[in-house]
Amino acid sequence: MSDSTYTIPKHFHLPSLESEIVSIWKNENTFEQSVSNRKGRPSFVFYEGPPSANGMPGIHHVISRTLKDMVCRYKTMQGFEVNRKAGWDTHGLPIELGVEKELGITKEDIGTKISIEEYNKKCREAVGRFKDKWDEITQKMGYWVDLDHPYVTYENDYIETLWWCLKELHKKNYLYKSVSIQPYSPAAGTGLSSHEINQPGCYRDVKDTSATVLFALVEASQAQLLQNIDRSEAIDKVYFMAWTTTPWTLPSNLGLTVGPNINYALVKTINPYTHQLQYVVLAELLLSKYFKPEAEDGDFESYTADSKVIPYKVLGLYKGSELEGLQYEQLFTFEANTLEKIKETTPNANPFRVVSGDFVTTEDGTGIVHTAPAFGADDYKVGQKNNLGIVTLIDREGKFIVGSGGYSGRYVKNYKDEKDYQDVNVDIAIALKKRGQAFKVEKYEHSYPHCWRTDKPIIYYPLDAWFVRTTAVKDRMVALNKTINWKPKATGEGRFGNWLENMVDWNLSRSRFWGTPLPMWRTEDGSEEICCGSIAEIKEHLHEESPERELKDVHKPYIDQVILKSPSGKKMYREPDLIDVWFDSGAMPYAQWHFPFSDKRYEALAKGDNASENLKSILPPAFPADFIAEGVDQTRGWFYTLHALSVLLFDSVAYKTVVANGFVLDKFGNKMSKRLGNVVDPFETINKYGADATRWYLITNASPWDSLKFDIKGIEESQRQLFNTLYNTYTFFALYANVDHFSFKEQYIPIQKRPELDRWVISTLHTLIQNVQTYMDDYEPTKAGRAIDLFVDECLSNWYVRLCRRRFWKGEYEFDKISAYQTLYECLETLSKLIAPFSPFFSDWLYRNLNACSNREHKKSVHLCDFPLVIIDDIDTKLEERMQLAQDTCSLLLSLRKKSNIKVRQPLQKAIIPLIDPTMEAKIESVQEIIKGEVNIKEIEFIAADNNLIQKKIKANFKTLGSRMGAKMKAVAQAIAQLGSNEILELERNECLLVNIEGEEIEIGLNDVEITSDDIPVYWLPLREA
RNA sequence: UGGCUCGUAGCUCAGUUGGUUAGAGCGCUACACUGAUAAUGUAGAGGUCCCCAGUUCAAAUCUGGGCGGGCCAACCA
């Protein structure tokens, strides 16, 4: 380049500057070069969490991408090879729901009104709908990621790796089929995901019939319970009280759960419906819910059916753990729920017992939980643990099955909108009342989930599902998590750590259409199963009659048409489930490279007897990641699945550092939502203020992990404060440099030979480099950015440039001037590199402008440069301190002028500075020229410390005295504050003083006090002639 | 309902192991500067450190309990 002048644009407009830079990058392949010119250097592994392109990018995407981009650019400048492969998340419920909404269909229509083939085609189209917008924001915000070779989760290769992972899990016995209790909509005939349940409006307050039910103990258990009860009367029967809001689950009851540490009371009372004497057990703390305090030990004799108050008497107390194992009589006995029937599904089931569970509370109910393992997750868990068995008297349409006595065929809720629907729950309650086995029946209002499509209440229902046995490696997951560098730390220890502690097996199954199919085939009788880890393996096992043989697309419906042949020759059909989309993204470290199939050694190693042993020698490339970053909402999503899979498969972490950034809220601190209309359009923001200003604001305003109250004014501010100031500084430099033809051609002036001000700003600059590097290495970009802000504003612009202006326009082009040019040039050039990771556009613009003229470095772009190195020798902390003193002194003198109303323009003869400490004179003297110039004063005079111009003040040093004085501290502080100037002088001279506190002599050392002078240690004298 | 997190000036944020006048920037007001001028300087106003209780000679800081915002998980008898 032959330019001998620095470009000075007429206007400073960040957005148009940025679009210029974008096209330069494109022409010069700057991004590719920034990676390829680090080839062979140690790599810094980064994983891009795949966004879904079926929605528009929002401002919250800009923050996490800024963070990712910044770290990657920084590491690149530090000399690492940083590959950044983009990715697209393409499966999942939101995509299906979007398509269904668009087509105006529901899940039931799939396979009838629209073929699965057609439906999945629509989904495939939908996932890329906003890809253009995503590419645009990626480019506009300056996010460097390889968009040309992304990983796409729906591609056959990608899915094949997922299958490989699943097969590995299967081999290790980490994959199993079981039932799980899931939200289920009988009206829609489908299971629902928690995502669907949590859609707004799904939880609704409804009134249900609730019943407090009495379970009669069997004789032996009753005897056991009563053995230590001293009683004068014969107790006929003892009942356990349990409360339910879903009486339809009572015929499926198999257990009663008590809290092991809850106290229970055996109570003599009267049944409010039958008015008969009754003996019941419930939590002691909940007695008041059923009985009035005044009824305690009430008069049983005079009770009549009209009595308002039911008397009760506590006969005995038990700990929950003492009740465990007691047996009771089944509440409803039908053909379908006999013990024999139960044993058909659970051969050694032992139901109708009291068991204990930690989830039991005394918040409501009776402290005894009616447990029907089929209809509640907790119930199921406790049932499994205690071998209660499982009874499901309700079919998938939500009605009682045949064999449920009089209830057979009746719907548990009005699912069919029957006009004369008779609530079966009420009937059950009435039946129990008649039997004397209901203690309280009432309407109870609570919030209950509803199906978002049919508006009908859901139930919890046992459905078949495939699980990953994550609990088998829980300890390793916990241990390895402790080696991960979490930013912020608390998320790793708290939110994520707790999540790991309470982990349950990962339910993989989804009964949907558009997703990764489970590669599991079974014979119809379930006796043989095979998990295929590759397309080739499927083809190996094809049954002759399989209608699908090519498998060009591994999705439904084709995969379901694949019939395999079992070792014994039977037909095997695929398990119909799809897998959780989180598996897709969690396996991204391997699937993005089509591991292990992409490894040339794989095919050879996979053959032979030692296959699995051999394969241990290949590890996925670029694994684990050095760094990932996403929103905190991913803690239980991507962060978890990445971690789980890498531990399960490779006993390794998947990432060494993870930054969990917070959320972007609107300026009032409310969450952004389309409904509230407070979403920020990132395109608008970037087009108006520029990506760099936006990025700078997002990073410096709040730590990435704190939630950010997004206010557009903040972007304006960072544009003004940082970019405008830098721009002004640059144009100032360019203006004079062009006049003087400075292009850094003169010999480099060693820093030590430059004037003090130059040495100072270079010293400060290197201190800044040091701080920025420390902060960046610690993933504290906010602190780094703020340090840069401070330097540009306080040091460079408002001190160095301000004081040096004359050096640029006055005098000959020689030593002092050249030194100034070189110094300012170096500051600008270094700054362009320091801010390059944060604001890639402006920094490159600045760097290119400088370098185009000087040709100082053979780099086309700042992003191809190395990060500035700290030169320790250039740092002179003493000088920095001195300069600080000069700045403070100037401030002081200027404010003095202000107070006396003497303008800076009017020169003054002398300033008198009393010396507070002995080193001050030398320090100020070295910077006195600066001070004199700044405040327009001819000379500075010092007067000795023990002058009488200043009034000294003395204050107690609470730190040293506090622990020694204890309660007397207050009095001591007061006494010290009242010391006169003579006493202060004495203390200073003798370094100790005796003070009388409440009649006691206390010795006080120099360390025990802080001696200060009045605020104004500077006086001025007018110019003699003035 | 639980876990985590945040709460300091009008706004955005600092605030060390507890130490006595709680800071900065922006904004606001007044004045000054006018050879960086869509800049700059000086000064001023502005605080229940979310609330309550406790520990301590001393609490924005530590402990407990609340309240409010946010995220996640649940909503279960």
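In the text below, chain A, chain B and the rest are named by the order of the sequence lines, each starting its count at 1. Model, not experiment: these values are computed from the prediction.
Here A:W809 packs flat against the base of B:G35; its ring centre is closer than 5.5 angstrom to the base's six-membered ring, tilted by less than 30 degrees.
Side-chain atoms of A:S210 and A:K443, non-hydrogen and from C-beta on, never get closer than 4.5 Å to each other. With a 4.5 Å cut-off on side-chain heavy atoms, A:V258 and A:Y264 count as touching.
The base of B:C71 sits with one of its N or O atoms less than 3.5 Å from a complementary donor or acceptor on the side chain of A:R495.
Base pairing annotation: B:G41 forms a Watson-Crick or G-U wobble pair with B:C31, both donor-acceptor distances under 3.5 Å. Nucleotide B:C4 is matched to B:G70 when pairs are restricted to Watson-Crick or G-U wobble geometry with both distances under 3.5 angstrom. With both pairing distances under 3.5 Å, B:C75 is matched to nothing as a Watson-Crick or G-U wobble pair. Figure legend. B:C26 is base-paired to B:G10; pairs are counted as Watson-Crick or G-U wobble with both atom distances under 3.5 Å.
In terms of position along RNA chain B, the nucleotide closest to A:T491 lies nearer the 5' end than the nucleotide closest to the other residue of the pair A:Q721 and A:T491.
Between the C1' atoms of B:G25 and B:C62, the separation comes to 30 Å (whole Å). Nucleotides B:U34 and B:U40 place their C1' atoms 10 Å apart, quoted to the nearest Å. A distance of about 23 Å separates the C1' atoms of B:U17 and B:C13, rounded to the whole Å. As rounded to the nearest Å, B:U56 and B:G44 have C1' atoms that lie 38 Å from one another. The gap from the C1' atom of B:G7 to that of B:U21 amounts to 24 Å, rounded to the nearest Å.
Taking every side-chain heavy atom of A:P449 into account, B:C76 is the closest of B:A73, B:A77, B:C76. The nucleotide whose nearest atom lies closest to any side-chain atom of A:R720 is, among B:A77, B:C72, B:C26, B:C26. Nearest nucleotide to the side chain of A:E717, out of B:G25, B:U20, B:U5: B:G25.
A:Y380 pairs by the ring-ring contact (aromatic ring centres under 6.0 Å, His included) definition with nothing, not counting sequence neighbours.
At B:A77, one or more side-chain N or O atoms of A:T245 fall inside 4.0 Å of OP1 or OP2 (strictly under the cut-off). In this structure, A:Y460 reaches the B:C75 phosphate: one of its side-chain N or O atoms is under 4.0 Å from OP1 or OP2.
Side-chain N or O atoms of A:N481 include none that pairs as donor or acceptor with a backbone N or O of A:F496 at under 3.5 Å. The backbone N or O of A:L254 lies less than 3.5 Å from no partner atom in the side chain of A:R353, so there is not a single donor-acceptor pair.
Aromatic ring orientation, A:W809 versus A:Y736: tilted (interplanar angle from 30° to 60°).
Side-chain atoms of A:D378 and A:Y460 form no donor-acceptor pair, as typed in the model, at a separation below 3.5 Å.
Near RNA chain B, meaning a heavy atom under 4.0 Å away, the residues from residues 790-798 of chain A are A:S797, A:N798. Contacts of residues 694-702 of chain A with RNA chain B (heavy atom under 4.0 Å): A:N701, A:A702.
One finds the CG atom of A:L17 at 9.5 Å from the OH atom of A:Y727 (value rounded to the nearest 0.5 Å).
Between A:F240 and A:F215, the ring centre distance reaches or exceeds 6.0 Å. A:Y821 and A:F808 have their aromatic ring centers within a separation under 6.0 angstrom.
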